[in-house]
Amino acid sequence: MRLIISEKANTAKKIAGFLAEGEVREGKYRSIPHHTFEWRGDECVSVGLKGHVLTLEFPEEYSNWQKVEPAELIDAEVRKTVTEKGVAQAIKSLAKKADEVIIATDYDREGELIGVDALSLAFEANPKLMDHVKRARFSALTRGEVTRAFDELAEVSRELAAAGEARQDIDLIWGATLTRWVSRATRRYGSSFLSVGRVQSPTLVLIAERELERRRFRPEPYWEVEAGLRAGEVFTARHAAGRFKEKDRAEAALKNLAATARVVEVRERSSKRQPPTPFSTTAFLAAAANIGVSPSRAARIAEDLYMDGYISYPRTDNTVYPESLDLREVLGNLTRVEGVGEYAGRLLKAKRLSPTRGKRQTTDHPPIYPTGSALRKALRDDQWKIYELVVRRFLATLSGPAETKRTTVKLESGGEPLSAGGTVVVEPGFLAVYPYGRKPDEELPRLSEGQELEVVESRLLDKETQPPGRYGQGRLIQLMEDLGLGTKATRPAIIQNLYDRGYVHGDPLVPTETGMAVAKALKDYASEIATHEMTARLEKSMDDISEGKVSKDSVVDDSREILRRVYKHLEGSKEAFAGIVWSGIREDQVLGPCPQCGKNLVIRRNRKSGKRFAGCEGYPECRVTFSLPPRGDIIPLGRRCEACGAPEIKVIGGRRPWITCINLDCPKRQERKDGKREEAGEPSGPSKRRDLERSTTSKSG
DNA sequence: GCAAGGTC
């Protein structure tokens, strides 16, 4: 029997369907399905893994963070252990009956490693298989590609798999060593540990650097002169100088404006906006983020939709529909979809379909497109939102460009030049079906040169320059891709991790002071792990390994050597490093000024009960306390409640973050509460501290 | 209680 091992259940099933010369018999080992069929006169069994079924870890004796010096991890043995027991059992059981094994995992570095790991399980159960291994390399899950790959079976590339192993080793060794070192140096144990990693740390640094730019930014005042002009209706024109840096010059211009303005020139310009390209994972996640669905949620939902047959495989870098994709068949399906059915039907009538294409073309998976028609009521609201996005994007890629008309008008009043502009969509094209981010039309009245208009009003606008904006999640995903950080499958998880570690909050992403401090300390004392260059160098080394130019061991050993150097430097700067991080952590605990004495209110913990509360730094002179929500992360917002003046906080945890002031007696809170029932036994503040002997500053910092 | 990479 020939055992065919692929990366996931779906692929295993499809391979069986493509190769079978006759019927496919479905079977199961425990909960793992497999497919038996005949191909070229041989019996074959096709089975799917669940991605990586082995994971890397340090032996048990290294598990105590306090007792083991992190440095020991640099040279410690690393082991592979099974994470998917059921799958491993199924592979072993099937391997016993096999006389040949064909690796049919994804045709990429991780796929090769996943396949080689599966082989090690197969050999354990049946060593005779060792000399009977083949590799099927197909880069599209189509009948043609798969049968070709099985007709031209190749050898497994140990080198390519070794490149993947080098990545695994280096990520674990650096990540675990530095995570533990930083956590120990700052005495953050248990769930409040501080993490470090090849991808997450440079990502955090990106966010922190943008925040520093914002802090360094000094807004500069400028002024604009605006006038309301009547041409039938009233529209707004602006002084042609745009931004005045000096107020008196702006005021002079304003004063010069006469009671009428004369149209000097009217220009119209048509332009076309091309429809968007097919969805790669990154483009999809960015678009989802723009409609308010976070990458990690969008990825999760897309996975569900894929499993239910509504959309194609959601992890792809491809932005060009393959020849084999029957666009008309997809359109046919979409004629039944609520809201877009008619549009799809119209597209279907076209003689030729010419889809847009993006820059990146790969053949492993098609771009993300709808594979089935969904009923709105069959999906949850968030699922529908994502499904609809994929559907509309697909339709947009088959649509024509949008045509817009831009009108610019030059005017003059009292010797001052004015200008006005407006853009209208004259031919919606793809915008008719893909309205996301569409700006409303701004239409100017019809004007002709020489026309005199009444100046209805005029004003001076007081403005200032704005700092660069924070990264939204979609923007960050795109930036990570541009810098080679993470993969299409891991970026959402990496970002989620930054939230979970308390390094960032909100969207756009706001770094916490702890996040800022960790980023700074890493940049100052372990810059190797703080930039995307480590990934770039690793990629180069992995290419060398897969081409047989260099061994995995030498790459990993070189990396260990660098880590030893970094480690030594860190050890020498332990106090400085911890000092930076501690001051960040402390700042995250400062809620705002005490309403009674003006000193800082900070988050503290009652030593006995462990309950947290807000206490005044002026203690014992000032004994003001407030109670705090018992659960969830507390983010100080640095502003005060409008109603009572107490500091406001954001509480993260539970269903969704909420914002509140810390004063339970706040009139605003009472108002809201009046409708509801009073919660019994809830402590209220401000109150005098009663348990002063037992209270102490939180030791976490 | 560590990382990042798959898949679910």
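Only a predicted model underlies this, so the values are computations on that prediction, with no experimental measurement involved. What you see below is based on every heavy atom in this structure, not just the backbone, and it leaves out hydrogens, waters and symmetry mates. Below, chain A is the first sequence line, B the second, and so on; all start at residue 1.
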Exercise for review: Give me the residues of residues 542-554 of chain A where at least one heavy atom lies under 4.0 Å from an atom of DNA chain B, by number, or none.
Suggested key: none

Practice item. Using heavy atoms and a sub-4.0 Å distance, could you list which residues of residues 50-73 of chain A are near DNA chain B? By number, please. Key: A/Lys50, A/Gly51, A/His52, A/Thr55, A/Leu56, A/Phe58, A/Ser63, A/Asn64, A/Trp65

Point to revise | From B/dC8, B/dT7, B/dA4, nucleotide with atom closest to A/Ala9 side chain | key: B/dC8

**Study point:** Which nucleotide in B/dG5, B/dA4, B/dC2 has an atom nearest any side-chain atom of A/Thr490
**Key:** B/dG5

Point to revise | Protein-nucleotide distance (A/Glu303, atom CD; B/dG6, atom P), rounded to Å | key: 13 Å

Review point. At under 4.0 Å, does any side-chain N or O of A/Arg167 touch on OP1 or OP2 of B/dG6?
Key: no

Check your understanding: At under 4.0 Å between heavy atoms, what does A/Gly486 touch on the DNA or RNA strands: base, sugar-phosphate, or nothing?
Key -> sugar-phosphate

Practice item. Would you indicate what A/Asp304 reaches in the nucleic acid, counting non-hydrogen atoms under 4.0 angstrom: base, sugar-phosphate, or nothing? Key: nothing

Review point. Looking for any heavy atom pair under 4.0 Å, which part of the strands does A/Tyr306 touch: base, sugar-phosphate only, or nothing?
Key: nothing

Check your understanding: Does any N or O in the side chain of A/Glu145 come within less than 3.5 Å of the main-chain N or O of A/Phe138, such that one atom is a donor and the other an acceptor?
Key -> no

Check your understanding: Does any N or O in the side chain of A/Trp181 come within less than 3.5 Å of the main-chain N or O of A/Ala71, such that one atom is a donor and the other an acceptor?
Key -> no

Practice item. Answer yes or no: does a side-chain N or O of A/Arg315 lie under 4.0 Å from OP1 or OP2 of B/dT7? Key: yes

Revision key, fill the gap. note: A/Glu528, atom CD; B/dA3, atom C1'; distance rounded to Å ~ 17 Å

Point to revise | Check: A/Asn318 side chain, A/Val320 main-chain N or O, donor-acceptor pair, under 3.5 Å | key: yes

Exercise for review: Classify the nucleic acid contact of A/Arg180 as base, sugar-phosphate or nothing, counting any heavy atom under 4.0 Å across all strands shown.
Suggested key: base

Practice item. Identify whether any heavy atom of A/Arg501 sits under 4.0 Å from a base atom; if not, whether one sits that close to sugar-phosphate; answer base, sugar-phosphate or nothing. Key: sugar-phosphate

Review point. Angle class for the A/Tyr525/A/Phe577 ring planes (parallel below 30°, perpendicular above 60°, tilted otherwise)?
Key: tilted

Point to revise | N/O (side chain, A/Gln200) to phosphate O (OP1/OP2, B/dA4) under 4.0 Å | key: yes

Check your understanding: Does B/dC2 have OP1 or OP2 sitting under 4.0 Å from an N or O in the side chain of A/Ser183?
Key -> no

Review point. Would you say the side chain of A/Ile15 lies within less than 4.5 Å of the side chain of A/Ser6, judging by non-hydrogen atoms?
Key: yes

Exercise for review: Could you state the atom-to-atom distance from CD1 of A/Ile301 to C1' of B/dT7 in whole Å?
Suggested key: 18 Å

Point to revise | Candidates B/dA4, B/dT7, B/dC2 - which lies nearest the side chain of A/Val199 | key: B/dA4

Practice item. Would you mind reading off the distance between A/Ile32 atom CD1 and B/dC8 atom P, rounded to a whole angstrom? Key: 10 Å

Review point. Got more than 12 heavy atoms from elsewhere within 6.0 Å of NZ, A/Lys14?
Key: no

Exercise for review: Check the distance between B/dC8's P and A/Lys85's NZ and give it to me in whole angstrom.
Suggested key: 20 Å

Check your understanding: A/Gln168 has an atom CD; how far is it from atom C1' of B/dA4, in whole Å?
Key -> 9 Å

Practice item. When you get a sec, tell me which of B/dT7, B/dG5, B/dC2 is the closest nucleotide to the side chain of A/Arg198? Key: B/dG5

Practice item. Measure from CG on A/Leu160 to P on B/dG5 and round the result to the nearest Å. Key: 15 Å

Review point. So, for A/Phe279 and A/Tyr369, is the gap between ring centers shorter than 6.0 Å?
Key: no

Review point. Does A/Asp117 use its side chain to pair, donor to acceptor, with the backbone of A/Leu54 at less than 3.5 Å?
Key: no

Review point. Picking from B/dG1, B/dA4, B/dG6, which would you name as closest to the side chain of A/Tyr189?
Key: B/dG1

Practice item. Calculate the interatomic distance between A/Glu112 atom CD and B/dG6 atom C1'; express it in whole Å. Key: 14 Å

Check your understanding: Can you list every salt bridge (charged side-chain N to carboxylate O under 4.0 Å, His left out) pair that touches residues 520-538 of chain A, not counting sequence neighbours?
Key -> A/Glu209-A/Lys523, A/Lys520-A/Asp524, A/Glu528-A/Arg565

Check your understanding: Hey, are A/Asp588 and A/Thr514 close enough side-chain-wise for a donor-acceptor pair under 3.5 Å?
Key -> yes

Exercise for review: Check for a donor-acceptor pair, side chain of A/Arg2 on one end and backbone N or O of A/Cys44 on the other, with a separation under 3.5 Å.
Suggested key: no

Revision key, fill the gap. A/Glu110 has its side chain closest, among B/dA4, B/dA3, B/dG6, to B/dG6

